[in-house]
Amino acid sequence: MPELPEVEVTRQGLAPHLSGRRISEVVARTTALRYPLCEDLGAKLVGHTLAHISRRGKYLLFQFDSGHLLIHLGMSGSLRLASSKEAAGKHDHLDISFGEEVLRLHDPRRFGAVLWIAGDPEQHPLLAHLGVEPLSREFTAARLAACLAGKRTAIKPAIMDASIVVGIGNIYASESLHRAGIDPRSLAGRVSAARLGELVPAIKTTLRAAIRSGGSTLRDYYGCDGAAGDFQFQHRVYGRAGQLCRTCGSPIRMLRQANRATYYCPRCQR
DNA sequence: ATGTGACCCTGGATGC
DNA sequence: TGCATCCAGGGTCACA
């Protein structure tokens, strides 16, 4: 579910409510997430003040004086702010209370992760080998070209590879390639510098537009206020197989790459 | 060394 | 209505 835009919308929504607030209670209802939830999370968090919330790729990092809480939303996770009076529902696995306000993790498929990091988060195995942030100045066509040189995989799975560039999942990979006019089956190492020069700004534009629209809500994703995103209504190709390309009128096609659905316009993307 | 597929899990949609 | 099958925003692992 959540790709970079949804995670960033969540971060932006939570930060003003929770930054500088002190944790009063932690309730874990399951430990069976992607990684077993650490047992003494309450002892680590209660009484500590949240300094701020940052994001690295699709990971959220909650910074405390004593360490960092790392949260990944997996395929179906969402974080919302609830009142302490609201009863937890099915799949509400974790509550972190800041007085009356409760940060509640909901994740039906439990592919998400909650980890405590005592040391430097950048050195953590899950974060240490991540690629460049796509919305940073460091994400340039030259840098992408260097990463893709010699790669014999297709361009679409290549830009979803978090060791190259983070945050681009299945929706925004298809969307960005359509915006750039690149066939998703093109060999990554063979895409010309000129085309990468189109692709990099296409990725940035796509992600920024999605963030502005509150992300894409297909099924499970909701922002921290419970509101759905709007970007799914602006999808150019994702989920639109058989419908007409908004640019040229050709029917959108679907194919499978690395076991994931890819959507593209055969006329606009060559 | 790379790249692809199975798998983790639940639930919604679809088809018989 | 019920059951079986397939599919889904991610990431890791075992294999070719």
Side-chain angles (χ1 to χ4, degrees), chain A residues 1-11 29-37 55-60 70-79 89-93 105-115 124-131 134 147-177 184-190 203 206-207 210-211 213-223 228-242 254-263:
Chain A
M1 60 106 0
E3 303 185 32
L4 186 150
E6 291 76 28
V7 176
E8 179 61 19
V9 167
T10 298
R11 189 195 69 77
R29 298 184 189 82
T30 181
T31 57
L33 296 174
R34 163 171 278 282
Y35 309 105
L37 195 63
R55 179 188 57 73
R56 179 76 175 96
K58 298 171 191 166
Y59 292 93
L60 286 168
L70 176 105
I71 298 186
H72 193 289
L73 298 175
M75 283 279 256
S76 58
S78 60
L79 283 170
K90 198 175 182 187
H91 306 308
D92 286 340
H93 305 306
L105 173 69
H106 177 84
D107 184 6
R109 291 173 75 180
R110 289 189 273 120
F111 287 176
V114 177
L115 291 173
H124 191 277
L126 290 175
L127 304 180
H129 304 106
L130 291 179
C147 291
L148 298 183
K151 269 204 162 288
R152 304 192 53 78
T153 187
I155 186 69
K156 193 253 191 175
I159 60 173
M160 291 174 67
D161 180 344
S163 68
I164 296 174
V165 53
V166 295
I168 304 168
N170 208 35
I171 295 178
Y172 299 108
S174 284
E175 292 297 302
S176 299
L177 287 166
R185 296 165 294 187
S186 310
L187 256 41
R190 294 271 180 82
I203 289 169
T206 301
L207 295 177
I211 292 169
S213 298
S216 300
T217 296
L218 300 186
R219 172 172 298 142
D220 296 310
Y221 173 74
Y222 291 91
D230 281 337
F231 195 70
Q232 64 278 13
F233 302 118
Q234 295 174 54
H235 288 175
R236 296 162 162 242
V237 290
Y238 187 86
R240 299 190 64 238
M254 196 264 270
L255 56 83
R256 268 191 179 267
Q257 292 180 293
N259 242 356
R260 314 293 298 274
T262 298
Y263 298 87

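FYI, side chains are in, hydrogens and waters are out, and symmetry mates aren't considered; it's all heavy atoms of this structure. Letters A, B, ... mirror the listed sequences (proteins, then strands); counts begin at 1.
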Novice: Using a heavy-atom cut-off of 4.0 Å across all strands, would you classify A:A113 as base, sugar-phosphate, or nothing?
Specialist: nothing

Novice: Between C:dG11 and A:H72, is there an OP1 or OP2 to side-chain N/O distance shorter than 4.0 Å?
Specialist: yes

Novice: Under 5.5 Å centre to centre and under 30° between planes: does that hold for A:F111 and the six-membered base ring of C:dG10?
Specialist: yes

Novice: With a 4.0 Å cutoff (strictly under), does any side-chain N or O of A:R256 reach OP1 or OP2 of C:dA8?
Specialist: yes

Novice: Please work out if A:Y238 contacts a base, only the sugar-phosphate, or nothing of the nucleic acid, heavy-atom cut-off 4.0 Å.
Specialist: sugar-phosphate

Novice: Between B:dT10 and A:K90, is there an OP1 or OP2 to side-chain N/O distance shorter than 4.0 Å?
Specialist: no

Novice: CG of A:N259 versus P of B:dG5: gap in Å, rounded?
Specialist: 6 Å

Novice: Distance check, C1' atoms only: C:dC6 and B:dA6, in whole angstrom units.
Specialist: 15 Å

Novice: Under 4.0 Å: is that the gap between some side-chain N or O of A:K58 and OP1 or OP2 of C:dG11?
Specialist: yes

Novice: Rounding to the closest angstrom, what is the interatomic distance between C:dG11 and B:dA1 at atom P?
Specialist: 23 Å

Novice: Across the strands shown, which category fits A:Y35 at heavy-atom distances under 4.0 angstrom: base, sugar-phosphate, nothing?
Specialist: sugar-phosphate

Novice: Is the distance from OP1 or OP2 of B:dT4 to the nearest side-chain N or O of A:T153 less than 4.0 Å?
Specialist: yes

Novice: Counting runs of three or more consecutive pairs, Watson-Crick or G-U wobble, with each distance below 3.5 Å, where are the stems of DNA chain C?
Specialist: B:2-8 with C:10-16, B:10-16 with C:2-8

Novice: Using atom C1' of each nucleotide, how far apart are C:dC7 and B:dG5 to the nearest Å?
Specialist: 16 Å

Novice: Side-chain donor or acceptor of A:R260 under 3.5 Å from a matching atom on the base of C:dA8?
Specialist: no

Novice: Please state how far atom CZ in A:R110 lies from atom C1' in C:dG11, giving the value in whole angstrom units.
Specialist: 16 Å

Novice: How about A:R29: does its CZ atom have over 12 heavy atoms from other parts shown lying under 6.0 Å from it?
Specialist: yes

Novice: Need to verify one output field. Residue with the more 5' nearest nucleotide on DNA chain B, A:R34 or A:H91?
Specialist: A:R34

Novice: Under a 3.5 Å distance rule, please check whether A:H93 uses its side chain to pair with a backbone N or O of A:D107 as donor and acceptor.
Specialist: yes

